[in-house]
Amino acid sequence: KAGVTQTPRYLIKTRGQQVTLSCSPISGHRSVSWYQQTPGQGLQFLFEYFSETQRNKGNFPGRFSGRQFSNSRSEMNVSTLELGDSALYLCASSLEGDTLNSPLHFGNGTRLTVT
Amino acid sequence: AQSVAQPEDQVNVAEGNPLTVKCTYSVSGNPYLFWYVQYPNRGLQFLLKYITGDNLVKGSYGFEAEFNKSQTSFHLKKPSALVSDSALYFCAVRVLYGGATNKLIFGTGTLLAVQP
């Protein structure tokens, strides 16, 4: 069974641009969550989707948005990029809607560098 | 507010020796705790979780964790370390509000270095 696939693996953008990251969950998984990982702030929750609905959102500005499609694939978008948005963006999928019942499976991430 | 703390940025241990990676938590209700491991340039992998029941939880790759309610701790342990265990380890707590969720709050991570 294929794991969580994130594309692209690496991305270099310029300040002010926008970017879209993609995540394909494990087949059958309906939940997708996004996390930002930086050396200074560690792992921070962005948002989670379950059956195309955003259930939770972290404390990030409105420049960060996401969506989930009917096939459970998810995208996140960052507009008006800032240098501080440089990070590893991790996507995680889960079979069920609560991590108490099934663990999060993480992709290898997209490394975004903003110059 | 819910939080987890990992007081050690790095833990060094010799191969074959027991290892402990520390985690303490702060929650207002019953804690739901997790350990994940991250290898270089990879995502996180689930090791184990505590929801209820036995205080000693066994997980993947020979790891176990001990839940201690009085000390609000959930330390990760392994009886005999391997060089291949060298990685970044994260403790996490599931948020308690809002019903069913996959939202986790992670600690800052502890780098485990196992010397041959």
Side-chain angles (χ1 to χ4, degrees), chain A residues 3-7 9-10 21 23-26 29-51 53-60 68 72 74 88-111, chain B residues 1-10 23 27 29-53 57-61 63 65 67 87-111:
Chain A
V4 178
T5 304
Q6 292 189 245
T7 55
R9 281 298 309 272
Y10 301 92
L21 311 181
C23 172
S24 293
I26 292 172
H29 285 198
R30 292 191 295 160
S31 168
V32 173
S33 305
W34 288 88
Y35 288 83
Q36 182 197 63
Q37 185 176 19
T38 60
Q41 300 297 318
L43 279 158
Q44 292 192 288
F45 173 80
L46 281 156
F47 26 65
E48 69 165 309
Y49 289 87
F50 184 72
S51 295
T53 301
Q54 186 181 88
R55 288 199 309 187
N56 265 304
K57 192 175 187 303
N59 296 322
F60 280 81
Q68 187 180 33
S72 293
S74 177
L88 180 66
Y89 289 88
L90 293 167
C91 167
S93 75
S94 178
L95 178 62
E96 299 188 31
D98 196 316
T99 192
L100 297 183
N101 301 322
S102 59
L104 295 179
H105 296 264
F106 283 82
N108 290 332
T110 293
R111 173 77 62 185
Chain B
Q2 297 163 254
S3 64
V4 291
Q6 294 181 243
E8 302 157 316
D9 290 336
Q10 183 162 339
C23 172
V27 300
N30 292 324
Y32 303 123
L33 300 160
F34 303 79
W35 276 102
Y36 280 81
V37 60
Q38 185 178 33
Y39 297 97
N41 298 315
R42 303 295 295 273
L44 281 67
Q45 294 178 32
F46 170 76
L47 283 177
L48 50 79
K49 67 180 177 183
Y50 173 83
I51 298 176
T52 187
V57 180
K58 294 192 182 295
S60 307
Y61 313 119
F63 284 94
F67 172 72
L88 190 56
Y89 290 80
F90 290 94
C91 182
V93 63
R94 173 194 176 277
V95 297
L96 295 178
Y97 53 81
T101 182
N102 280 315
K103 179 178 178 180
L104 297 178
I105 296 172
F106 285 89
T108 51
T110 298
L111 184 63

Under a 3.5 Å distance rule, please check whether E48(A) uses its side chain to pair with a backbone N or O of S33(A) as donor and acceptor.
no

Chain A contact via L104(B) - which portion, at a heavy-atom distance below 4.5 Å
both

Looking only at heavy atoms, which two atoms of V4(B) and I105(B) are closest? And how far apart?
CG2-O, 3.8 Å

With sequence neighbours excluded, tell me which residues meet side chain to side chain contact (heavy atoms under 4.5 Å, CB included) with F60(A).
Q36(A), Q44(A), L46(A), F64(A)

Side chain from CB out, backbone as N, CA, C, O: work out which of these in Y36(B) comes under 4.5 Å of a heavy atom of chain A, or both, or neither.
side chain

Between A92(A), P103(A), G42(A), which residue shows the highest count of heavy-atom pairs closer than 4.5 Å to chain B?
P103(A)

Using non-hydrogen atoms only, which part of L90(A) is less than 4.5 Å away from chain B: side chain, backbone, both, or neither?
side chain

Within the side chain of Q68(A), is there an N or O that forms a donor-acceptor pair under 3.5 Å with the backbone of R30(A)?
yes

Name the region of K103(B), side chain, backbone, both or neither, that has any atom closer than 4.5 Å to a heavy atom of chain A.
both

Please flag which part of R42(B) lies under 4.5 Å from any non-hydrogen atom of chain A: side chain, backbone, both or neither.
both

Residue L44(B) versus chain A: region with a heavy atom under 4.5 Å:
both

Segment of Q38(B) engaging chain A (4.5 angstrom heavy-atom cut-off)
side chain

List for me each residue that meets salt bridge (Lys or Arg N to Asp or Glu O under 4.0 Å) alongside R111(A), sequence neighbours excluded, and say none if there are none.
none

Check whether T101(B) gets within reach of chain A through its side chain, its backbone, both or neither, counting any heavy atom under 4.5 Å.
both

Parallel, tilted or perpendicular: ring planes of F106(B) versus Y35(A), cut at 30 and 60 degrees:
perpendicular

With no hydrogens and no angle check, is any side-chain donor or acceptor of Q6(B) less than 3.5 Å from a backbone partner on G109(B)?
yes

